[in-house]
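Beneath this line is the structure, given in structure tokens, with notes to follow.
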4 protein chains.
Amino acid sequence: MPNNQVPSSIKDEALVWKRRNQMIKGAVALFKEKGFHKTTTREIAKASGFSIGTLYEYIRKKEDVLFLVCDSIYQRVKERMEASIDPNQTSVESLVEAIRSYFQLMDDMQDEVLVMYQEVKSLSKDAQDYVLQKERDMVAMLEQVIVNSVTEPISEADVTLIANNIFVQGQMWGFRRWILNRTFTLDSYIDRQTQLLLHGLSKEVKELS
Amino acid sequence: MPNNQVPSSIKDEALVWKRRNQMIKGAVALFKEKGFHKTTTREIAKASGFSIGTLYEYIRKKEDVLFLVCDSIYQRVKERMEASIDPNQTSVESLVEAIRSYFQLMDDMQDEVLVMYQEVKSLSKDAQDYVLQKERDMVAMLEQVIVNSVTEPISEADVTLIANNIFVQGQMWGFRRWILNRTFTLDSYIDRQTQLLLHGLSKEVKELS
Amino acid sequence: MPNNQVPSSIKDEALVWKRRNQMIKGAVALFKEKGFHKTTTREIAKASGFSIGTLYEYIRKKEDVLFLVCDSIYQRVKERMEASIDPNQTSVESLVEAIRSYFQLMDDMQDEVLVMYQEVKSLSKDAQDYVLQKERDMVAMLEQVIVNSVTEPISEADVTLIANNIFVQGQMWGFRRWILNRTFTLDSYIDRQTQLLLHGLSKEVKELS
Amino acid sequence: MPNNQVPSSIKDEALVWKRRNQMIKGAVALFKEKGFHKTTTREIAKASGFSIGTLYEYIRKKEDVLFLVCDSIYQRVKERMEASIDPNQTSVESLVEAIRSYFQLMDDMQDEVLVMYQEVKSLSKDAQDYVLQKERDMVAMLEQVIVNSVTEPISEADVTLIANNIFVQGQMWGFRRWILNRTFTLDSYIDRQTQLLLHGLSKEVKELS
DNA sequence: TATGAATGAGGGTTCATTCAT
DNA sequence: GATGAATGAACCCTCATTCAT
């Protein structure tokens, strides 16, 4: 059950799972506050509720903590996305609903997502690839929903672009919150972004022919 | 002329200006490659073409280098944005043109923007506020262009939202390039994003009434 | 029966004896490969076939393992030396035979001897004295054989010197093997060293009067 | 001039030479007292008369200190051996003189030699090879002297054996001093070993025909 | 003004040892 | 008797910063 890309000296898997969850929880808070590099392993251990020695029974390197954090985030995001998306539904409503779920999710997990986005580059190349793949999977889920929702054919490129836009707008709610929540609540943000996606500025601007 | 938020022991302002430009150029390359924290002051000095002792004649702390980098980026971005936006023009074309200029700019300065985007959080609170204010100024410029371009009234909230979307989509071209340039060239990216902004999916989906 | 200079929490002496033999066997291999300091107690436990907790039921400190190894080596060396030396025989043949036995022994136990030779200094002062005493005993055995073998009186100093030379030449076969076995087999080594001891270079050099 | 197998960040070669000599001197004393592994880098720095930071300006890893120590020992040994051996002299006296010089040398440098012999195995494989080569060179010097000294032909194997014996007996004076200097002074040790080498036990034993 | 040697606080990591189960 | 999770002192090494030249 625990991520086995990061080996542990502890044999009891349930314990590994439990301790690593303590670790992730403590680490997210610290990484958010001061960033990965300025957080010491001793602080992580303390925030996790055990000693530095114990910390290293469950990971090999400090970087492993960051990897576990990222992995756990994507795991949870994916689970929630899958739970809220119905692949059989094919009307535009399912897209609207998926966007709502995803933005809601980004709101719930803003700390984690913020941390992940600012610190992935601190991972090793391999770990980055692993995390990036998860991200690709997520975007692919959005692409699927988009394809299912349109009634008229739409180019692959546009599907990609829209999926990426939604993806980034979700993150934006997390890491540009300092400016956005002067103007929006989560609900109004979701609402306006959805409107904009569906209609653009078609009514507000007049283009030259 | 040189940024005086970062004091220097050297009196000759022209020299300070020159040396700091060397510094910024060297530092951007290093920060891009390995990030701010993993770059040492010695490496910055070497890449700048002078000794570690000299480096510290022109800054007080390592963080100052990052600050100078960020400041220089915004300075240059702002200059180019101002040069390419005509506040008197009020048709939708000016918005289209502003978007094109801005995306082009993000493409030209992708290294710098990537660095800034990933490392601002390493600045002190004060320095972050300073940089954030520059960012707000930039978004405000986009907002102005939007207001000038629409023919029908549009809510303030929507203006903010659209400006932020454009802003983030510009950055996205920089830091999600690894996925986007499988599908898009800069021109096609600009083109599709513009279309999407103006019309959304109005033709592709049929909404319930 | 088990060495009682190293106390154990386990009461069953036969078990202590058995476990410690497992330990010694595993430890010699590890010490030879990576040295005492670079071998961890966990590795010793694993190589011995039991857990780290169990290891510490049979010793007090890591150093005890080294002590047990050294003690066991001398024990076995002494037993074999005693078995092969006949104190009643008094011709030079008995010396020749003793040398042969001893060199053969050093060849058989080269791993163990190498380890002991390189790691004694890691023992505490007390333990070193204990081990050194065993070494003195061994040299004394050689001295006895020498005394029994000569037909003309020989100074005590020379007895000591020769005994030490033989002792060191035996070790030399173990730890300079990398150079010696380009030229010698064990048998030819024994043969030539014996010849040299008995006749020196008397025929090959001409001394000034 | 300073050993360039161990790179230093300091540019001034004379300074590197000076600081490394301080290091070697301090390190030998410590290594002799407590061994390489039990000596900390901070202790080495302190004994060398500078800070831990400065220490690491002149080496890369702790192991480098040990390497420098070993290298310096062989350098000095070689210089002194070369100075005292006259390759043109071809009588047995030159062998006797070479032995005397070498044993005297081992006496002078006993601390260093002891350290080297107990700690070489802590070096990396490469560094060990380098040091071993120096050792081979030294033995080769002894072999040359032997060849020059004999009046009757002597087998290559015997040359090798005698050279190794002398080599090891020299070391023995260093690391078995605790037992030898109950019986010998340096001079009497040299004298008896020389006699033994030249004549063996030919007068003291009677062999079966 | 420029240099680079010196400093030492502090960080990541290891591992002998303990002790509750 | 056996196990292995937990502990934390201690080690190696880095690097921002200073300052004498």
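Computed from a prediction, not measured in an experiment: that's the story for all the values here. Each chain gets a letter, A, B and so on, in the order the sequences are listed, and its residues count up from 1.
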Task: Side-chain donor/acceptor of A:Asp64 to backbone N/O of A:Lys61, under 3.5 Å - done: yes
What is the separation between atom [atom1] on [X] and atom [atom2] on [N], rounded to the nearest whole Å?
X       : N      : atom1 : atom2 : value
B:Leu55 : E:dG4  : CG    : P     : 13 Å
A:Leu15 : E:dT21 : CG    : P     : 14 Å
A:Asp12 : E:dA20 : CG    : C1'   : 15 Å
C:Lys38 : F:dC11 : NZ    : P     : 16 Å
B:Lys61 : F:dT18 : NZ    : P     : 11 Å
C:Tyr58 : E:dT18 : OH    : P     : 17 Å
D:Trp17 : E:dA5  : CH2   : C1'   : 20 Å
B:Lys46 : F:dC15 : NZ    : P     : 14 Å

Quick one: label [X] by what it contacts on the DNA or RNA (base, sugar-phosphate, nothing), any heavy atom closer than 4.0 Å.
X       : answer
C:Ser9  : nothing
C:Thr39 : sugar-phosphate
D:Ile10 : sugar-phosphate
B:Ser51 : base
B:Thr40 : sugar-phosphate

Open item on the list: Nearest to the side chain of C:Glu57, heavy atoms from C-beta on, is which of E:dA16, F:dA2, F:dA5?
Closed with: F:dA2
- [ ] Among the candidates F:dT3, E:dT1, F:dA6, find the nucleotide nearest to the side-chain atoms of C:Phe50.
- [x] F:dT3
- [ ] Tell me whether the OP1 or OP2 atom of F:dC15 has a side-chain N or O from D:Tyr56 closer than 4.0 Å.
- [x] no
Task: Phosphate contact (E:dT7 OP1 or OP2) by D:Thr54 side-chain N/O below 4.0 Å - done: yes
TODO: May I ask which nucleotide in the shown strands pairs with F:dA5, Watson-Crick or G-U wobble, both distances under 3.5 Å?
DONE: E:dT18
Open item on the list: Closest-nucleotide mapping onto DNA chain E: is C:Ile52 or A:Phe36 further toward the 5' terminus? I mean the 5' end.
Closed with: A:Phe36
Task: Nearest-nucleotide comparison on DNA chain E, the residue closer to the 5′ end among B:Lys11 and A:Lys62 - done: B:Lys11
- [ ] Return the orientation label for the C:Phe31 and C:Phe36 ring planes: parallel under 30°, perpendicular over 60°, tilted otherwise.
- [x] perpendicular
Open item on the list: Once you measure the plane-to-plane angle for A:Tyr130 and A:Phe67, does it fall in the parallel (<30°), tilted (30-60°) or perpendicular (>60°) bin?
Closed with: tilted
TODO: Look at atom NZ of B:Lys11 and say whether more than 12 heavy atoms of other residues, nucleotides or ligands are closer to it than 6.0 Å.
DONE: no
TODO: Report, as yes or no, whether the 6.0 Å neighbourhood of atom NZ on D:Lys18 holds more than 12 heavy atoms from other residues, nucleotides or ligands.
DONE: no
Task: Check: A:Arg42 side chain, E:dG12 base, donor-acceptor under 3.5 Å - done: yes
Task: base_contact_polar (E:dT1 base, B:Arg19 side chain, donor-acceptor, <3.5 Å) - done: no
Task: Closest approach of D:Lys38 to D:Lys34 (non-hydrogen atoms, all atoms of both residues) - done: CB-O, 3.2 Å
